[in-house]
Amino acid sequence: MPAMVAQEVERAAAAAAPHFLVVTYPAQGHINPARHLALRLLRATPGARVTLSTAVSACRKMFPGLEEEHVDGAGVRYAPYSDGYDGGFDKEAHHHTDYMSQLKVVGARTLDGVLARLRDAGRPVTRVVYTVLLSWVAGVARAHGVPAALYWIQPATVLATYFHFFRGTDGFDEAVVAAAQDPWAEVRLPGFPAPLRMRDLPSFLTITSDDHPYAFILTAFRELLDALDDDRQEDGRGRSATVLANTFDAMEPDAVATLRQHGVHVVPIGPVLSFLDAAPASSTNNNNDLFSQDGKGYLEWLDAQEAASVVYISFGSMSSMSKRQITEVSRGMAESGRPFLWVLRKDNRGEVDGDDLCAGAGGGGMVVEWCDQGKVLSHPAVGCFVTHCGWNSTLESVSCGVPVVGVPQWTDQGTNAWLVERQLGTGVRAAVCEKDGVLEAEELRRCIGFATSEMVRAKAALWREKARAAAAGGGSSERNLRAFVDLAGN
Ligand SMILES: O=c1ccn([C@@H]2O[C@H](COP(=O)(O)OP(=O)(O)O[C@H]3O[C@H](CO)[C@@H](O)[C@H](O)[C@H]3O)[C@@H](O)[C@H]2O)c(=O)[nH]1
């Protein structure tokens, strides 16, 4: 075959290969599930391209010096959009509402540029997948004639809650507004056999004024569901655009059923955790950290601990611990006599020194600024996880069979704690001080004792198997993802 013809054939083949563009908000808890999905898509689709797009500032933290594009060691390409704050968003100087409006305008314009550039380079995007808070991405994809799917990175129960709230299904919205001030009030979520308490619902539903500092988040969720409706009308089949959900059938059957019954085309593909796919030694979620590890050798320290003895403590990438909370955790761990590994981010520890904390807690632990949580939870020495119940941390704990002490702070975390305690039985939600929400030392010790009991450990082991079976070859989530991928290839 003459060289020019061969080149043409190669170019045509490249243009025909599926190309997924995964777009995410620039927060650690959003970037991680996006990258795990990117890796899953690469693995599920031989010859496919996967590009991940998040804001320039986040991309530069992950890959210093990045300009237009970067390909990581696993083959995921990064092509950032601009959120209007390429130097980083200073939350002391600007209001988050301004950030969201900038993100919508500048993000839409620059993401449009990313799609155009990939098309002009002979690598047209065939499917866009976007995470929460980014409803405008659906419009950008539509303008390029590319189908878009929402990737829901919180539990399906939270999606069902927002959906029925915004729709007003069976008066759910009115019931929530009436009970907003009472965390113990019970409300019936349509499609669920038993009532939930207000504290089990996403915290944003209790926002009753547009002046509330987080009112913009409730608006962003409303817009996200509206965007699904826009696609429903265009689809003509009476169901919404695809919603890939980072959950699995066995974990949230009621939520998946009620959403489908109301026309939401929800497709459980979780747990989407790439470190489950690799051999434990190479398991990693590296390369996408917005925080730096301090190289303290925590894995070697874990190696030296007894099996299932260590309590791992982390409140994720956003929540901060008050000074009193830090003191109570430190006291609780000292009194428990158990070894602990505690993540206290720099922006979360105030004046507190990690080494002083360890000494104060009896010297049986280690405080780090950030760690590879996938590796930590996969480590046999870890026997309990004290967590704020972010959805990623929750799914990671379930998939690693580590029992949980839940200390939810806000957003979806109350629902995640409810799932863990009431639906799965793999942990316990701690009682906190009514005045300041602090988990006190005695309660921490009690909860760790309960979470490490034979009964809870057995449940955690059971759900570990169910989670892994769903994601493994032939499992419900793997089949769902494959069907999605096959569709995207056509
Ligand atoms: O030292 C650490 C601490 C955390 N992580 C990872 O960081 C992610 C944290 O995500 P998550 O547990 O969901 O917490 P947040 O960062 O707080 O995530 C935000 O986003 C999530 C997805 O929308 C929501 O479920 C949370 O409530 C919200 O706070 C997880 O993948 C962890 O493995 C590390 O790798 N190292």
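Indexing begins at 1, ligand by ligand and atom by atom, following the structure's order. The residues of the chain are indexed from 1 along the displayed sequence. Heavy-atom basis, side chains included; hydrogens, waters and symmetry copies ignored.
- On a distance-only criterion, S393 and ligand 1 share at least one N/O pair closer than 3.5 Å.
- The closest non-hydrogen atom to atom 15 (P) of ligand 1, taken over H388, Q413, Q409, comes from H388.
- Note: F216 and H95 have perpendicular aromatic rings, judged against thresholds of 30 and 60 degrees for the angle between ring planes.
- Ligand 1 is approached by C371 to a heavy-atom distance shorter than 4.0 Å.
- Under a 4.0 Å N-O distance rule, the pair D86/R60 does not qualify as a salt bridge.
- Heavy atoms of Q293 come nearer than 4.0 angstrom to ligand 1 in no pair at all.
- Considering backbone and side-chain N/O atoms, S317 comes within less than 3.5 Å of an N/O atom of ligand 1.
- Taking the six-membered ring wherever Trp is involved, the centroid distance between the rings of Y214 and H96 does not fall below 6.0 Å.
- Against a heavy-atom cut-off of under 4.0 Å, N32 is close to the following atoms of ligand 1: 6 (C), 7 (O), 8 (C), 30 (C), 31 (O).
- Considering backbone and side-chain atoms together, N416 places no N or O closer than 3.5 Å to any N or O of ligand 1.
- Within the 4.0 Å heavy-atom criterion, the part of H30 lying near ligand 1 is the side chain and not the backbone.
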Which is it for S240 and H265 under the side chain to side chain donor-acceptor pair (under 3.5 Å) test, yes or no, and what are the steps along the way? CA-CA 5 Å; S240 76; H265 182 35; over 6 Å; no
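- Taking the six-membered ring for Trp and thresholds of 30 and 60 degrees, Y25 and Y99 have ring planes more than 60 degrees apart, a perpendicular arrangement.
- Proximity of N392 to ligand 1, defined as any heavy-atom pair under 4.0 Å, is shared by backbone and side chain alike.
- Across Q373, Q413, H388, a single residue satisfies side chain to side chain donor-acceptor pair (under 3.5 Å) together with S393, and that is Q373.
- Set against the non-hydrogen atoms of G390, the atoms of ligand 1 under 4.0 Å away are 11 (P), 12 (O), 13 (O), 14 (O), 25 (O), 26 (C), 27 (O).
- Between L39 and V76, the closest side-chain pair of non-hydrogen atoms falls below 4.5 Å.
- Close approach of ligand 1 to T411 is summarised as follows: ligand atoms under 4.0 Å from at least one heavy atom of the residue are 27 (O).
- The closest approach between G374 and ligand 1 stays at or above 4.0 Å for every heavy atom of the residue.
- When all heavy atoms of A417 and R429 are compared, the pair lying nearest together is CB-CD, 4.0 Å.
- Scanning W370, F275, Y25 for the heavy atom closest to atom 5 (N) of ligand 1 points to W370.
- An N or O contact shorter than 3.5 Å is missing between W410 and ligand 1 by distance.
- Using a 4.5 Å heavy-atom cutoff, the side chains of N392 and Q28 are not in contact.
- Inclusion of E396 in the set of residues having an N or O under 3.5 Å from an N or O of ligand 1 is warranted.
- Considering backbone and side-chain atoms alike, D412 places an N or O below 3.5 Å from some N or O of ligand 1.
- The distance from ligand 1 to the heavy atoms of W391 drops below 4.0 Å at these ligand atoms: 13 (O), 24 (C), 25 (O).
- Taking the six-membered ring for Trp and the full ring otherwise, the centers of H94 and Y85 sit less than 6.0 Å from each other.
- The S314 neighbourhood of ligand 1 comprises atoms 3 (C), with distances under 4.0 Å to a heavy atom of that residue.
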Could you walk me through whether W152 and F221 pass ring pair (Phe, Tyr, Trp, His ring centres under 6.0 Å), step by step? CA-CA 11 Å; W152 185 258; F221 279 117; 5.8 Å; yes
Verify salt bridge (charged side-chain N to carboxylate O under 4.0 Å, His left out) between E478 and R40, making sure each step is shown before the conclusion. CA-CA 9 Å; E478 194 266 350; R40 275 269 160 86; over 6 Å; no
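- Note: an N/O pair closer than 3.5 Å links Q154 and ligand 1 by distance alone.
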